[in-house]
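All values below were derived from every heavy atom in this structure, side-chain atoms included, with hydrogens, water molecules and symmetry-related copies excluded.
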Amino acid sequence: MMPYYKFNLSSVISRKPFFGALRIRRLALSSLAPNWTYLTTLCLNGPLNEALLEMAKQGLEMKFKDYDTLLNQCVKQRAYREGQRVHSHMIKTHYEPPVYLRTRLIVLYVKCDCLMDARYVFDEMPERNVVSWTAMVSGYAQNGHCLKALDLFVEMLREGAEPNEFTFTTILRSCIGKYGLFHGMQIHSLLVKYPFGSHLFVGSSLLDMYAKAGRTQEALIIFEGLPERDVVSCTSIISGFAQQGLNEEALVIFRKLQIEGMNFNYVTYVSILTALSGLAAIELGRQVHGHVLRLELPFFVVLQNSLIDMYSKCGHLDYSRRIFNSIPEKTIVSWNAMLVGYSRHGMGKEVVELYDLLKEVSGVRPNNVTVLAVLSGCSHGGMELKGLEIFDEIFSEDDGFELTIEHYACVVDLLGRSGQLDRALQFIKQMPLEPNAAIWGSLLGACRFHQNASIGKIAGNRLLGIEPENAGNYVVLANLYASAGRWEEVRSIREMMKRKSVVKVPGKSWIEVDQTLHTFLASDQAHPRKEEILQKVRDMSVRIKGVGYVPAVSCVLHDVDDEQKEKLLLGHSEKLALAFGLIASQGKPIRVIKNLRICVDCHNFAKFVSQVYSREVTLRDNVRFHHIVDGECSCGDYW
DNA sequence: CGATAGCCTT
């Protein structure tokens, strides 16, 4: 009989054994039983069933090493049922596993998302060490149960167990959400008592915690103070800034680290793509894309998904679709990214087509983000009735989607756009969630478009009650009153604004020319070519007035005369960026990005400019794209 | 002895 080690072991242990490997394993099983150590070793990376079956059949006595090998395999393969069989074998044979094996069981159950089982093993432990505590805390952290993780961590300290660097990295991950920073800072101060205060992993978790809580400066200080830097800590700081919308800062850090020679991984590229998407920096985005291809990074769906989103946010949906089509194993995020892309470009037909394709052929389950994308796609794409139909379908099917306030806001939008303002108001009154600013804002926008001042007044007052500090709301409501000729109410809005000391988020627009971003604020004086640009805006205004442009002075709520109002309107950041685009890029389409919703006057201005200057203009505001060609906008003047 | 850890897309 040939001893087992004469076989080609690597083929025996391979996950998908070549022809005959199974037979060899069977041979080994029959010839070498009942030596469990051999048998379990042969199961390395292979099917567990045979060894487990033998185990159950023969009721052999198992030793520590056998359980260890088997559980190790179960963990690697995330084999819940097989793990349970090993576990129950221990119980049946009255085997008292040591702390080590019990911890392995916890890890196994955690990996299989069976936290109840893990907790049961944990609770039954006669003694625990730091590893078992950390494994259990990590279980809660991995599954998003932040508060449970924190509770257990506190319990651990109370029991006198000493946390180690693993425990701290794990628990800091759970310090997110509403109270995350509060707990995270306490843990930060607790860390001082331990010798690994400047540990690389602990430091990365710490800076990530601060960055996610919006404390980017603290995060940066910790990053600078790390004992060394690696790709994860670098990605953490870059994505931290990007997630806070500090895209330019993220880009600066990325470049600095790149020059220092840091070797990035695919996660880093995902993070920098997020920043470039926010900036709509298409040329830089293309560079990153090319770089990723040259690096021959293995195929990462997450990276492909962020490329879809980057091209879509930069206005190149054709590239997005090409990448989408090239992904062999699309996840729901890939589908959603593509759907959201069509939605923000106002392409309702494509949204519905892709949604049908998703349901019919993909085999991927839609989630609530999908629903949101489809509903908003229908409203942005002029398919209000289709959108309402899909909502009814989903609502009646009850597919287990968690309908959030955003979903209801979409429905209000659909009803509002289709002119059913009374129904929209009824819908808001009947919905099971408390209406928020987005809901009332959506209704108010619909009232402005359909010139319904009475329902608009209801929506506006509710909105101002919820968000008294948001200047944009006052502007929309005043616009509505102004267009209805209700000047008394316009004046009262203006006074209300003064009284409540409303803060304006500064409007900001930018444009990418020759791989450089040129940023403009309202009435900007900072750009080196400011004189030229302001003169250009004035020229443009004169030229388009000749074909019917009338400045929408009701957009200005300052208490000044109309001449002043017109001057203020001409200083809007999107007009400056548009003018700069006309000067700096000959003949090419102009792509302007704005951080807020585009104002009525600027939208109208851009339409006239596209016509008079025969230039395609693309405006991206914080919600959607406006593709303006020859005086017509893809949004149909509803946004 | 071993078992426990940080970054990411819609």
Side-chain angles (χ1 to χ4, degrees), chain A residues 64-65 67-69 71-72 75 97-108 110-111 121-122 128-139 141-142 156 163-175 196 199-209 211-212 219 222-223 226 229-240 242-243 264-275 277 300-310 312-313 320 323-324 327 330-344 364 366-374 376:
Chain A
F64 169 85
K65 181 80 181 103
Y67 283 128
D68 183 30
T69 314
L71 283 180
N72 188 19
V75 170
V99 183
Y100 164 82
L101 278 185
R102 291 177 195 261
T103 308
R104 269 237 138 112
L105 278 171
I106 293 174
V107 172
L108 167 74
V110 165
K111 289 254 160 75
V121 176
F122 180 78
R128 297 170 189 142
N129 60 22
V130 59
V131 183
S132 27
W133 278 103
T134 306
M136 195 61 233
V137 172
S138 161
Q142 278 174 44
M156 171 182 179
N164 64 12
E165 65 273 32
F166 288 79
T167 324
F168 277 107
T169 40
T170 298
I171 194 62
L172 282 167
R173 244 184 109 192
S174 284
C175 294
F196 36 84
H199 187 271
L200 175 60
F201 277 38
V202 177
S204 305
S205 309
L206 204 54
L207 81 85
D208 199 61
M209 186 274 294
K212 284 207 170 75
I222 295 166
F223 179 70
L226 286 178
R229 283 173 188 172
D230 67 355
V231 60
V232 176
S233 51
C234 291
T235 306
S236 236
I237 195 75
I238 292 167
S239 78
Q243 280 166 14
F264 294 136
N265 63 12
Y266 87 97
V267 185
T268 325
Y269 292 108
V270 167
S271 305
I272 201 62
L273 281 172
T274 308
S277 304
F300 290 108
V301 188
V302 176
L303 187 54
Q304 305 288 339
N305 294 345
S306 37
L307 282 168
I308 293 177
D309 193 54
M310 188 273 292
S312 142
K313 281 188 179 149
S320 299
I323 291 165
F324 174 81
I327 303 177
K330 303 174 181 64
T331 64
I332 189 59
V333 179
S334 325
W335 288 89
N336 292 346
M338 199 63 232
L339 287 166
V340 169
Y342 284 132
S343 165
R344 72 163 66 92
V364 178
N367 62 12
N368 54 354
V369 180
T370 319
V371 178
L372 207 54
V374 173
S376 78

V302(A) side chain, from C-beta outward: closest of dA3(B), dT9(B), dA5(B) = dT9(B)
Distance-only side-chain donor-acceptor flag, D309(A) / S306(A), under 3.5 Å | no
For residues T69(A) and N72(A), is any side-chain donor paired with an opposing acceptor at under 3.5 Å?
-> no
For atom CH2 of W335(A) and atom P of dT10(B), their distance in whole Å = 18 Å
Separation of atom OH in Y269(A) from atom P in dC8(B), rounded to whole Å | 17 Å
Quick one: is dC1(B) close enough that its OP1 or OP2 comes under 4.0 Å of any side-chain N or O from K65(A)?
-> no
Quick one: which of dC7(B), dA5(B), dT10(B) gets closest to the side chain of S138(A)?
-> dA5(B)
Stretch residues 229-236 of chain A: residues that reach within less than 4.0 Å of DNA chain B through a heavy atom = D230(A), V232(A), S233(A), T235(A), S236(A)
Test side chain to side chain contact (heavy atoms under 4.5 Å, CB included) on V333(A) and V301(A) and set out the steps.
-> CA-CA 9 Å; V333(A) 179; V301(A) 188; over 6 Å; no
Name the closest nucleotide to the V340(A) side chain, picking from dC8(B), dA3(B), dT10(B).
-> dT10(B)
Which nucleotide in the set dA5(B), dT4(B), dC8(B) lies at the smallest distance from any side-chain heavy atom of A135(A)?
-> dT4(B)
Options dT10(B), dA5(B), dC8(B), nucleotide nearest the side-chain atoms of F166(A) = dA5(B)
Will you find, in the side chains of T235(A) and S271(A), an N or O donor that is under 3.5 Å from an N or O acceptor?
-> no
Partner set under side chain to side chain contact (heavy atoms under 4.5 Å, CB included) for K330(A), not counting sequence neighbours = F324(A), I327(A), S334(A), W335(A)
Expressed in angstrom and rounded to an integer, what is the separation of I171(A) atom CD1 from dT4(B) atom P?
-> 18 Å
Decide yes or no, distance alone: a donor-acceptor N/O pair under 3.5 angstrom between the base of dA3(B) and the side-chain of D68(A).
-> no
Heavy atoms under 4.0 Å, any strand shown: does K111(A) hit a base, just sugar-phosphate, or nothing?
-> nothing
Looking at dT4(B), dT9(B), dA3(B), which one has an atom nearest to any side-chain atom of V333(A)?
-> dT9(B)
Round to the nearest Å and state the distance from F223(A) atom CZ to dC7(B) atom P.
-> 15 Å
Would you mind reading off the distance between H199(A) atom NE2 and dT4(B) atom C1', rounded to a whole angstrom?
-> 12 Å
Would you indicate which nucleotide in dT10(B), dC7(B), dA3(B) comes nearest to any side-chain atom of Y100(A)?
-> dA3(B)
Taking the side chain of S306(A) as its heavy atoms from C-beta onward, which of dC8(B), dT10(B), dT9(B) lies nearest to it?
-> dT9(B)
Establish, from distance only, whether the side-chain atoms of R344(A) and S312(A) form a donor-acceptor pair under 3.5 Å.
-> yes
Any N or O donor-acceptor pair linking the side chain of T169(A) to the base of dG6(B) at under 3.5 Å?
-> no
Rounded distance in Å - CG (N367(A)) to C1' (dT10(B)) = 8 Å
Any chance you could lay out the side chain to side chain contact (heavy atoms under 4.5 Å, CB included) test for L108(A) and L71(A), step after step, and finish with the verdict?
-> CA-CA 8 Å; L108(A) 167 74; L71(A) 283 180; 4.2 Å; yes
Of the nucleotides dT10(B), dT4(B), dC7(B), which one has an atom closest to the side chain of N265(A)?
-> dC7(B)
Using a cut-off of 4.0 Å on non-hydrogen atoms, how would the nucleic acid contact of V107(A) be classed: base, sugar-phosphate, or nothing?
-> sugar-phosphate
Please check the phosphate of dT4(B) (OP1 and OP2 only) for any side-chain N or O of Q142(A) closer than 4.0 Å.
-> no
Is_stacked (F201(A), dG6(B)) at 5.5 Å, 30 deg = yes
Can you tell me how far P of dG6(B) sits from CZ of F168(A), to the nearest Å?
-> 15 Å
ring-ring contact (aromatic ring centres under 6.0 Å, His included) partners of F223(A), counting only residues at least two apart | none
Are T167(A) and T134(A) linked by a side-chain donor-acceptor pair shorter than 3.5 Å?
-> yes
How many Å lie between CZ on F196(A) and P on dA5(B), as a whole number?
-> 15 Å
Remember a base hit wins even if backbone is also touched, and classify S204(A) as base, sugar-phosphate or nothing at under 4.0 Å, heavy atoms.
-> base
Among dG6(B), dT4(B), dA3(B), the one nearest any side-chain atom of V99(A) is dA3(B)
So what does L200(A) hit on the nucleic acid, given a heavy-atom distance under 4.0 Å: a base, only sugar-phosphate, or nothing?
-> base
